[in-house]
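Remember, predicted model here, so these are calculated numbers, not experimental data.
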Amino acid sequence: MTGPVPFDDGFGEPDQLRDQLRLLLRHRVAMALGVALGLLGGLAMALYDAGTYSSTSEVLVRAGADPFDTVNVPVDNQISMTTEQQIAAGAAVAVRAARTLGQPDSRFTALQDHLRVTNPAKSQVLRFEFTANAPQRAARGADAFAEAYLADRRSRNDAAVQRAVDGLSTQIAALSRQPAKDSDNSAEASAVQSEIGSLRKRVSEINSRDTSGGDIVRGGAVPARPSGPGASTLAVLGLAGGAVLGILLAWLCSALDSRVRSAREVRAALGAPVLGSLPPGPREDDALLAVGRTDGVRVQAYRSVAFRTGLPGGGCLLVVAPRADDGAGEVAANLAAAFAECGREVVLVDADPDAPGLAARLPLVPAAEHTAPETSLPEGGVLVDAGSAGRFTLRPGGEAGRSPHTDAPRATDRTASGTCSPTTVVAGRPLLEHPHALAAAQHYDGVVVVTGRGTRRDDLRQTAELIGCSGVRLLGAVVDAGHAPAVLRRVKPRSRTESVLPGTQPAGQHDTLTATRG
């Protein structure tokens, strides 16, 4: 018996970037949420900056640290712009600006919060940028701080002048008293008078110097538009930031998501090849059987999976899902139809004792239409009409008096004991919930695991361990891209005696079961 042919879903190429992009694109909601948050953030910033205006005044600072001794000293060495910048942003200037604006001195701290003082590189210019919620207030604030800085600088220069004049006046007074003590020496008296004259000339020069310390070269203009980027720029920046945030959220969702999302992940978690990938199929209220009754990509996928199982000469195949999932029954029924289409004698065994089971979802052949060879059906068996694929036998589950928590139905036991037909497909119960389904593992020629969109990697690993411990051969997996877990699907439950086929009797009475073709 040949082994299963592995299915290549196109993920085996060494293009890691493309794989990462595919993983991210699976979480489109997270990416859209990130973009929306970024856009809302950009619009919020635009609304916040809409009522904020900025105005700038510029002051040219002249050398004034020692304005009385500038002979042969470069101007660049006379002033420290870093120091002046700190003084301009200090409390003394802010208090003067508050008084200019007609505000109490205690408001100087609030005014400092709206001020930014900068010094362009390689220049003696200070820029006073003031921000306010109105254009006129911004312009007034910038001018007030520029004037306050110049007033503070003038007061510091005036204080320096006063100190220098006081020192020279003290020297003049001391020299003026010296000739009176020593009047006989006319030469010395003349020298003293000459020195006194020089000192008085020095005092006159100091008093005549300009102590303003700078000039306003640019007044604060009333801004016509709010400060900061415009609404369109902030919206674009918000979209860019939102795209980055969306990618980050999608990456986090992908890293934290334990569900399998591709055939490559199924192979890695199960340790077995992927026999086929079923594309999204009909809605849940449509017929369960597709092979032989409809056509399309999904039907071709079922036929491909039947070929890859490697059961050319018959055998017993177990189809299970890790958790509660009706995808195993659907895959088992369509594989049975695909085997019957090849001219084999096929028996489909429903190993789930819960009613109504597969018998209520498959088109059964009425007993009146049975031909002579079909009248010798096994006990409890019914015929399924697979359309152009032919007919196959179904041994339904849901036997009367059997608990859902007991072992597999007697039909499965009889099939596993060797009384089954050449090709038997068993639709097993969820393996992780009912691991005793592998009790008759020695009678199975292989197991096919059905995975859906909600199957988790840990469930696949546990399933592989159970199958490996039982000794049965794990043929591979079938990835059903259009099937969700039963616990997530809201289907109206049927009673144990209700059937979707008109004319069928209650489940559990399969010895007299008849049905009309659906």
Side-chain angles (χ1 to χ4, degrees), residues 5 7 275-319 326-350 356-375 377-378 381-397 415 420-427 448 450 478-483 499-504 513-518:
V5 180
F7 172 74
L275 303 177
S277 181
L278 303 177
R283 298 185 302 273
E284 55 187 274
D285 55 348
D286 291 336
L288 178 69
L289 194 62
V291 177
R293 303 185 68 88
T294 61
D295 198 5
V297 180
R298 192 174 178 89
V299 174
Q300 296 301 326
Y302 281 125
R303 292 168 179 161
S304 178
V305 171
F307 173 76
R308 291 190 176 100
T309 55
L311 298 175
C316 191
L317 179 66
L318 175 63
V319 181
D326 60 3
E330 179 181 352
V331 172
N334 284 277
L335 288 181
F339 287 136
E341 193 176 33
C342 298
R344 305 181 191 178
E345 183 182 356
V346 182
V347 173
L348 174 62
V349 178
D350 186 2
L358 295 178
R361 305 179 62 188
L362 293 175
L364 304 183
V365 178
E369 299 182 10
H370 289 186
T371 61
E374 297 171 346
T375 56
L377 291 175
V382 292
L383 282 180
V384 178
D385 182 10
S388 61
R391 296 178 177 181
F392 60 88
T393 303
L394 169 66
R395 284 179 174 175
T415 300
C420 59
S421 59
T423 302
T424 302
V425 181
V426 180
V448 173
V450 180
V478 176
V479 180
D480 193 347
H483 180 72
S499 175
V500 296
L501 297 176
T504 58
L513 179 63
T514 59
T516 58
R517 180 174 301 178

I'd like to know whether Thr309 forms a side-chain contact (heavy atoms from CB on, under 4.5 Å) with Phe339, so could you lay out the CA-CA distance, the side-chain angles of the two residues, the decisive distance to 0.1 Å, and finally the verdict.
CA-CA 11 Å; Thr309 55; Phe339 287 136; 3.6 Å; yes
Grab the two heavy atoms, one from [X] and one from [Y], that are nearest each other, plus how far apart they are.
X	Y	result
Ala427	Leu358	CB-CD1, 4.0 Å
Ala340	Val346	N-CG2, 3.5 Å
Val426	Cys316	CG2-SG, 4.0 Å
Val331	Tyr302	CA-CE2, 4.0 Å
Ala301	Pro279	CB-CD, 4.2 Å
Arg391	Asp385	CG-CA, 4.3 Å

Could you tell me whether a side-chain N or O of [X] sits under 3.5 Å from a main-chain N or O of [Y], the two making a donor and an acceptor?
X	Y	result
Ser388	Gly292	yes
Asn334	Val291	yes
Arg293	Ala386	no
Arg308	Leu275	yes

Run Val479 and Leu278 through side-chain contact (heavy atoms from CB on, under 4.5 Å) and show every step you take.
CA-CA 6 Å; Val479 180; Leu278 303 177; over 6 Å; no
Which value, rounded to the nearest 0.5 Å, describes the distance between [X] atom [atom1] and [Y] atom [atom2]?
X	Y	atom1	atom2	value
Asp295	Gln300	CG	CD	5.5 Å
Leu317	Thr424	CG	OG1	9.5 Å
Arg395	Asp350	CZ	CG	12.5 Å
Leu362	Glu330	CG	CD	10.5 Å

Does Val384 reach the side chain of Leu348, with side-chain heavy atoms less than 4.5 Å apart?
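When only atoms from C-beta onward are counted, Leu348 and Val384 do not touch, as no gap falls below 4.5 Å.
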Taking C-beta and beyond as the side chain, do Thr393 and Leu383 meet within less than 4.5 Å on heavy atoms?
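In contact.
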